[in-house]
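Values below: every heavy atom of this structure, side chains too, minus hydrogens, waters and symmetry copies. Computed from a prediction, not measured in an experiment: that's the story for all the values here. In what follows, chains carry the letters A, B, and so on, assigned in the order in which the sequence lines appear, proteins first and then strands, with residues in each chain numbered from 1.
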Amino acid sequence: MSVLGYSTGAIALGDFSRAIALLSRYTFSAIELSALRMTEVAPLIEALPTLDLSRYSYISFHAPSAFVVEEEEPLIELLRALPEQWPIVLHPDAIHNPASWESLAGRLAIENMDRRKGTGRSAAELKDFFAILPDAKMCLDLGHARQVDSSMVGAYQLLTTFSDRIVQLHISEVDTFNRHDLISSAAELAFSQVRKFIPSHAAIVLESRVKESEILSEAEKVWRILNVEDDAEFRESFFAKAS
Amino acid sequence: MEAYGVEKLEGLYGVQWQFLAAARTRAEEQLGQLDTVCSSVIPPDTSLVVFGSLARKEFTEASDVDWTLLVDGITIPEHSTVARQLEDKLKELHLAPPGQTGTFGNIAASHNLIHFIGGEDDTNANTTRRSLLLLEAKPIGDSAAFNRVRNNILKRFLEEDLGLWRKSTKVKIPHFLLNDFARYWRTMTVDFADKQHDRFHEGFALRSIKLRFSRKLMYISGLLACLRCQLNFPDVEARLEFFSRDNSVAVIDLVRSFLDREPLDTVADALQLYVEKPSAIQAIFEAYDGFLGILSNADKRARLKTLTPKDFESDPVYKEARELSHVFSQAIGEIFLVADNPVGELTIRYGVF
């Protein structure tokens, strides 16, 4: 495991300032800035110069999960202004005109979808998207993958088919209503079955919707899931509260 | 490892099995038509699944369409409405409906298929649906529920097979899975006798020939999928490393990949890779092609369907079909029941008891 952290949307949905403030109390090395609705994008990007993100060695940006066709070009222009090294997580089914995204393709991390969506859920379905945007990377959502195929064979297929594209993992429980929740013991067991296939360089981003009191325990749970050997000293440095 | 399939086998032997090819083409056309007509009806968390000759891609004009609406998620009363809509759509396509047993043409819940394997709750219908889901099934439209249920069934069979994961067990055969395939094969043969008891001669000759060919082939494809767990890994160390607990999803995916192919292709692949008996292999497919030729002939098929016991010994069509079945059986025996090749060796050692 390289770096671990949270999506701001899991900490405080729609309130990135509060999320960043809460997370500053911990020593996580990764953060995903989440702008899941179109109206959240511009304010978040405008606020970037004021945010203290210096503690994070990995930062990504989650683009809106849906937008109308008229918003696509303006969105692409907004996203272009982000630091080039930040992966931009994008839902494949949100794309209206793939050609418009080609100039940003190398910065995109296409995410596998949950089972509400008619496409982009499996390795076979995502191959089509990567054929259109061959330079794009991938954000592999383990919760979505488990929801689509609870045997985890689907997750295994995603991990092995796109191992060289994966830059980030999303990890959380995804319940019957497609909400990102605290990871259950059944999900812990399921996720641990694919841990050896997770690229070591991939950043781990938690999407479990947590209360403030659950931030550390949920992260420690993910650590347990993804690590066979529990190096207590290293783990503690990973999760220590910032002084 | 390069896969062969029936078409590649034809190229290798310089032959053309015309009835196999025609049946496959007809099946693909029919599957496409079903996709067009039915996909929009199928709600989330369900899959329309077809079985039988259509799923095996051995579809002839008079073939019926066995289907089920597989539910893997929240159950709602409307699923039965959807099942009736699907029934109506199949009628509009003038497709022969499922057989009399009631196993198909309705709703099947994944819960029973995954949780009831063996024991009193594993009814004949449940075993049939589960075995066919693995051995001869195709989804129409969205395949997510279908794939998920199949993978979870395989997960049960493989993860609960303790011997598969022990380092001390050098030969890797998934016994739990193999035993269930064998049980289903024997169930079909006993059910054949049961149908004879219930229906006397009605359809006996046709059912008999199907038992000798397509039902037997289906079992053989399942047997070979199990044997390939061992055959695919000639190196012991590599085999033991692959069959380790932290690699279980890869094992499930491997077995799934064998079962994803149609039974004829599964058999063609395995025999070409591991058995150096081209005459016997060719005889198997030659005979099977002849079998499909009989089923494709409307007169011959109708004759078999209506044959009465007094005519069994003298009827030329039934005689033709039986003789083909003897060639088929003989060729299968030359491979599977002789220990002079890896498939035969493993079948004798692990497939009998």
B:Arg148 side chain to A:Val148 backbone, donor-acceptor under 3.5 Å: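 It does hold such a pair.
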Counting only heavy atoms closer than 4.5 Å, note whether [X] contacts chain A via side chain, backbone, both or neither.
X        : answer
B:Arg156 : neither
B:Ala250 : both
B:Ile153 : neither

From [X] [atom1] over to [Y] [atom2], what is the distance, rounded to the nearest 0.5 angstrom?
X        : Y        : atom1 : atom2 : answer
A:Met152 : B:Asn151 : CE    : CG    : 11.5 Å
B:Ile252 : A:Ser151 : CD1   : OG    : 6.0 Å
B:Ser143 : A:Glu125 : OG    : CD    : 6.5 Å

A:Ser150, part contacting chain B, at a heavy-atom distance under 4.5 Å: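 Both parts, backbone and side chain.
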For the student: nearest non-hydrogen atoms of A:Gln193 and B:Glu159, plus distance: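 Answer, listing the atom of A:Gln193 first, then B:Glu159: NE2-OE2, 2.9 Å.
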Atom of A:Phe197, atom of B:Asp246 and distance for their closest heavy-atom approach: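 For A:Phe197 and B:Asp246, the tightest heavy-atom pair comes out as CE1-O, 4.1 Å.
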Chain A interface, residue from B:Ile74, B:Val149, B:Asp45 that has the most non-hydrogen pairs under 4.5 Å: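 It is B:Asp45.
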If you count heavy atoms of other groups shown closer than 6.0 angstrom to [atom1] of [X], is the number above 12?
X        : atom1 : answer
A:Glu72  : CD    : yes
B:Glu241 : CD    : no
A:Lys127 : NZ    : no
B:Lys167 : NZ    : yes

Qualifying residue, where the test is side chain to side chain contact (heavy atoms under 4.5 Å, CB included) with B:Val249 and the options are A:Leu159, A:Val194, A:Thr160: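 Answer to the side chain to side chain contact (heavy atoms under 4.5 Å, CB included) test with B:Val249 among A:Leu159, A:Val194, A:Thr160: A:Val194.
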salt_bridge(B:Asp142, A:Arg121) N-O dist < 4.0 Å: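 Between A:Arg121 and B:Asp142 there is a salt bridge, with a charged N closer than 4.0 Å to a carboxylate O.
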